[in-house]
Amino acid sequence: MKAAIVVFPGSNRENDAKAALTQALGREPIMVWHRDTSLPKVDLVLVPGGFSYGDYLRCGAIAANSPVLREVKARSEQGMAVIGVCNGFQIITEAGLLPGVLLRNANLKFVCRNVGLRVETSNSRFTSGYKKGQVLSIPVAHHDGNYFADPKTLDELEAEDRIAFRYCGPEGRLDANYNPNGSTRHIAGILNKKRNVLGLMPHPENAIEPIHGSTDGKALFHSLVEAVS
Amino acid sequence: MTAPKITPEIVAEHGLSADEYKLVLEIMGREPSMTELGIFSVMWSEHCSYKSSRVHLKKLPTKAPWVIQGPGENAGVIDIGDGQAAIFKMESHNHPSFIEPYQGAATGVGGIMRDVFTMGARPIANLNALRFGEPNDPKTRHLISGVVAGIGGYGNCMGVPTVGGEVNFHASYNGNILVNAMTVGLAETNKIFYSAAAGVGNPVIYVGAKTGRDGIHGATMASTEFTEDSEEKRPTVQVGDPFTEKLLLEACLELMATDAIVAIQDMGAAGLTSSSVEMSSKGGLGIELDLDKVPVRETKMTAYEIMLSESQERMLMVLKPAAMEKARAIFHKWELDFAEIGVLTDTGHLVLKKDGQVQADMPVAPLVDKAPVYERPWIPTPAQPVISAKDVPAPNDLLGALKSLIGSPDLASRRWVWEQYDHLVMGHTAQRPGGDAAVVRVPGVPGKALAMSSDCTPRYVFADPKQGGAQAVAESWRNITAVGALPLAITDNMNFGNPQRPEIMGQFALSIEGMADACRTLDYPVISGNVSLYNETNGKGILPTPTIGGVGLMKNVDRMATVAFKTAGETVLVLGESKGWLGQSIFLRETQGREEGAPPPVDLAAERRNGDFVRSLIVAGEVVTCHDVSDGGLLVAVADMALAGGVGVTLTTPQSGVPSHGYWFGEDQARYVIAVPAAAAAGIEAKAKAAGVPVERIGSTGGADVVLDGRKMPIQDLKQSHEAFLPTLMGAA
Amino acid sequence: MKARIHITLKSGVLDPQGRAIANALHALGFDSVDDVRQGKYIEVDLKESDKTKAKAAVDQMCGKLLANTVIENYAIDLVD
Amino acid sequence: MKARIHITLKSGVLDPQGRAIANALHALGFDSVDDVRQGKYIEVDLKESDKTKAKAAVDQMCGKLLANTVIENYAIDLVD
Ligand SMILES: Nc1ncnc2c1ncn2[C@@H]1O[C@H](COP(=O)(O)OP(=O)(O)O)[C@@H](O)[C@H]1O
Ligand SMILES: [Mg+2]
């Protein structure tokens with residue numbers, strides 16, 4: 001499997017993502033600068049976290065309009081896997097790969113901490129390494145992770161089993177106290193209709209080694225590599 | 001351009017005394033132009049010239065075999081082996097943060113990061129030391145919320161983890177908060193960049209953001225006392241642009257990987273003035289700038305304004321001529337301004353041209369060498385009486401006192417602060433905020449990591465500047481030691497009141513003496529620092545606050561110790577002697593309302609012995625649970641460990657003759673609490689005795705309560721008290 | 001020519017900033033405050049002097065970048 | 001009564017947002033764009049019906065909370 005990470009001015013977790021993909025793939029992903037004229041032929045594109053273009057205007061909005069994102073979108077329609085993490089989630093949502101929008105956290109503050117994350121479906125190439133209902137510990141680090149979509153869209157996501165992760169407390173309890181940003185229906189990550197695009201706010205790439213205090217993020221990258229290879 | 005006549009009023013507005021102006025006239029041999037006067041005023045401000053502090057700072061030890069660069073450059077550099085260097089510095093942004101907390105703190109963080117990456121280092125960690133006024137002062141909440149958001153806003157966007165710091169509250173900071181920011185960076189020892197210009201004829205390049213009328217007079221503002229009307233000076237606030245700085249960082253590091261740069265210096269306070277003067281003076285050269293070529297974002301800027309602007313996110317470089325095009329391409333790729341604005345000359349003069357006219361022509365050397373230096377009069381702080389624990393009323397319930405202490409402003413959890421900082425980005429954070437020192441892995445060498453901490457106990461310094469200065473250094477050394485790292489060097493940020501008052505100057509001079517003693521005994525040299533004076537309003541100074549930022553090295557991060565109790569059934573030992581010192585303790589202040597007495601004395605030999613001993617145990621893998629004892633004393637330290645691990649502890653007060661409240665809440669120095677498997681305890685006690693380290697068995701871990709001499713307090717209750725303070729204070733914002 | 005653009009949230013869309021401001025205003029004792037909505041105000045200076053062309057261009061800018069039409073409305077005002 | 005509040009940066013204050021938007025618009029081919037400034041637009045619904053009182057209250061809100069008067073200006077518009 002071949003993977004690429006798209007880097008924008010202001011991306012800052014591209015190396016964290018690179019470490020995670022390298023660990024899973026056994027070799028380094030290709031780093032693609034947003035202005036490079038062509039996206040290499042790959043099976044997976046990861047859009048990393050950070051503050052693309054300073055997140056001025058709306059998070060991810062300026063990056064979403066870049067030519068390379070148009071190419072990513074076109075390829076995703078042909079089946080290529082895409083994962084957007086944090087700012088990457090915001091970018092691919094702004095670009096229309098996923099429905100809804102990420103608003104400012106309900107308490108308006110940036111939040112960095114490990115959260116409980118309940119796996120809502122193992123039916124995707126991103127989550128097949130987990131059991132449905134499994135509770136993971138993964139860090140979040142964002143200012144705008146408050147997922148919002150209209151009720152019809154949300155019902156559709158639920159009906160189509162497209163909610164990948166929800167924020168939760170111990171034993172998987174859903175509770176406002178364990179929702180770090182006010183996300184509607186505790187949503188932390190979603191899939192597109194074809195299930196080849198995942199966007200999520202938490203950082204699985206920061207939970208892959210013992211020093212991270214949790215290695216629960218590892219299975220995501222490993223299952224992805226297995227599924228796509 | 002019509003030049004206004006220079007009147008005594010104009011001179012005074014520029015913060016120059018009559019004598020200083022006389023010296024200006026002597027150096028120039030004529031009346032200076034406004035631009036020249038502005039340059040003198042900035043270069044001779046307290047902030048740039050260290051005129052009140054220099055004679056004392058010289059007393060600090062700055063050398064060690066591992067020091068590559070001590071004070072005098074943008075940041076200090078130490079050798080950490082394997083061809084790698086750690087580069088770090090701390091800097092204050094106190095006045096700007098009081099005026100506009102978000103932007104003031106944000107640009108403080110931006111500034112210190114530039115100091116570090118100017119030298120070729122990639123920043124790998126940020127810390128911040130914050131002091132606010134009383135929690136219930138009407139301004140405090142607004143200041144906390146703005147400062148914390150500003151630090152996070154800048155650091156988070158830059159993608160540099162903010163991993164540690166400290167927060168204190170005291171009425172003396174009501175009108176003068178302290179915001180000290182520290183950055184630690186990593187470079188290769190053979191790729192460090194300096195600011196001394198070289199090569200007559202080499203081009204001088206301006207890169208980064210455009211120049212606006214930001215913060216004109218900021219450096220002089222940072223050097224004058226606040227008065228009620230200083231809010232009038234508001235428009236001097238600068239707005240930070242972390243996105244541009246992130247691009248500047250990447251562009252500079254990309255250029256530094258090539259062989260293009262002769263010298264580089266960031267434009268911090270005093271902007272283009274101090275950067276051009278310092279680069280040329282260090283190189284013993286002249287410099288000629290064409291100010292029409294400086295990228296500006298406003299129209300009709302004068303030479304004076306361009307030279308004094310403090311617009312952020314800018315750098316000045318001297319390049320090799322052959323590398324110009326390569327360099328231009330890199331900055332173009334990162335969409336940053338790149339302008340050739342001048343050339344190095346052999347005249348020894350700073351020559352500024354604008355609109356076809358010479359606006360300034362002044363000798364560089366005297367501007368720096370003849371800067372005034374003051375040996376200001378000082379008087380020592382009177383000694384405080386020693387307070388005996390026997391003379392302090394005991395609380396009827398030690399655990400109740402514990403619960404209120406750990407919920408008090410100075411001891412409560414700082415989670416509300418550090419959860420607003422991205423402390424994980426880069427993926428190398430091995431110890432997050434909340435422990436004794438943050439630990440960040442060093443990429444490239446397996447197992448290698450740096451430990452860092454920021455420390456000062458201002459109430460000790462106020463009561464006894466010399467002991468307090470030594471204590472700040474010792475506590476830093478202890479925090480680094482407690483995680484198992486070898487302390488290597490410090491940066492400092494000397495925050496004091498008005499140096500023209502002999503009491504304040506006494507605090508400054510004596511705390512330096514104490515720091516110097518501690519640095520020497522602990523082999524812990526000062527490699528960079530910053531001085532912030534005039535932190536006072538209407539004649540009332542802050543508590544003297546020499547903040548210490550320490551860095552240590554860890555060879556095997558898998559053997560790192562943390563404060564959390566890990567499992568039940570372990571034996572809890574105290575290393576070091578507990579004499580029940582309650583003078584200046586948090587206990588005395590919180591339970592009796594008394595800020596009194598002599599602070600705990602610092603026995604540097606004991607510090608060294610006890611610390612070296614505990615570190616040897618950690619490095620050998622015999623101890624993985626360790627916490628130093630500081631504010632609040634032994635019981636607070638043990639409670640921290642129980643809370644962090646969610647594991648209770650049963651304690652018995654030893655029969656030592658020290659009253660129990662003195663024993664548990666005394667703030668004697670040079671102590672560590674460790675928890676070890678019960679079977680290993682006797683062996684460790686024997687080793688301690690052999691090393692001459694006092695050791696006491698105080699209890700064992702387990703359960704869900706803190707049990708002291710038969711009385712109980714659930715960890716849950718302690719946790720609630722510990723976690724409530726900041727969210728409650730700030731929730732009401 | 002200058003375009004003044006107001007970007008506001010569509011009704012029904014959650015407005016965390018607006019809500020937080022309302023709460024803060026209540027805490028400060030401004031009891032008469034019922035509801036707060038926060039939007040953006042953007043001024044664009046244009047070289048274009050033809051009003052129709054300018055309008056069309058700004059409309060495109062809004063649709064493509066300035067507003068997220070899933071959740072936001074925009075209104076354009078042209079002034080010379 | 002409704003107050004419409006425009007909050008804009010004082011002239012001379014750096015506007016990184018505006019600059020980033022201008023660059024993005026250029027990248028999208030909107031060459032006629034000269035300059036962009038970004039501000040805030042806040043709508044406050046008030047129970048107050050007296051215009052003078054409303055104005056005074058909103059003015060206080062701006063000074064205390066809504067605008068950062070160190071670097072921002074504000075303008076208030078009242079509508080019924
Ligand atoms: N402003 C801050 N930013 C980040 N971390 C902080 C801040 N203030 C305190 N902390 C963290 O909280 C913990 C406790 O701080 P402190 O009580 O000062 O520790 P110590 O007594 O060991 O010096 C430390 O890990 C420290 O790094
Ligand atoms: Mg400590």
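First the proteins, then the strands, lettered A, B, ... as listed; each starts at 1. These numbers were taken from a predicted model, which means no experiment stands behind them. Scope of the values below: all heavy atoms of this structure, side chains included, with no hydrogens, waters or symmetry mates.
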Looking at chain A, which one of [options] has the largest number of heavy-atom pairs inside 4.5 Å, strictly under?
options	result
B:H428, B:E250, B:K333, B:Q431	B:K333
B:D558, B:N156, B:D241	B:N156
B:C157, B:G159, B:G153, B:A149	B:C157

Is there a donor in the side chain of B:Q312 and an acceptor in the side chain of B:R114, or the other way round, less than 3.5 Å apart?
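A pair is found: one side chain offers a donor N or O, the other an acceptor, under 3.5 Å apart.
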Checking heavy-atom separations under 4.5 Å from chain B, one finds in residues 205-213 of chain A A:N206, A:E209, A:I211, A:H212
Is chain A contacted by the side chain of [X], its backbone, both, or neither, given a heavy-atom distance below 4.5 Å?
X	value
B:E335	side chain
B:L424	both
B:M560	neither
B:A430	both

Intermediate values then yes/no, side chain to side chain contact (heavy atoms under 4.5 Å, CB included), B:L450 and B:V184
CA-CA 9 Å; B:L450 292 177; B:V184 181; 4.1 Å; yes
Any carboxylate oxygen within less than 4.0 angstrom of a Lys/Arg side-chain nitrogen, looking at [X] and [Y]?
X	Y	answer
B:R122	B:E188	no
A:D43	A:K2	no
A:E14	A:K18	no
B:D214	B:R297	yes
B:E419	B:R415	yes

Are [X] and [Y] packed together at the side-chain level, in the sense that at least one heavy-atom pair is separated by less than 4.5 angstrom?
X	Y	answer
A:F51	A:C59	no
A:F165	A:L136	yes
A:S223	A:R125	no

Heaviest contributor of heavy-atom pairs below 4.5 Å to chain B, chosen from A:R35, A:H142, A:R13, A:H203, is A:R13
Does the structure place the NZ or CZ of B:K246 under 6.0 Å from the centre of the six-membered ring of B:W334, at an angle of no more than 45° from the ring's axis?
no
Note to self: If I measure from the heavy atoms of chain B, does A:Y56 come under 4.5 Å with its side chain, its backbone, both, or neither?
What the structure shows: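 The side chain, not the backbone.
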- request: Let me know if A:N114 has heavy atoms under 4.5 Å from chain B in its side chain, its backbone, both or neither.
  value: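 For A:N114, the contact with chain B is made by backbone and side chain together.
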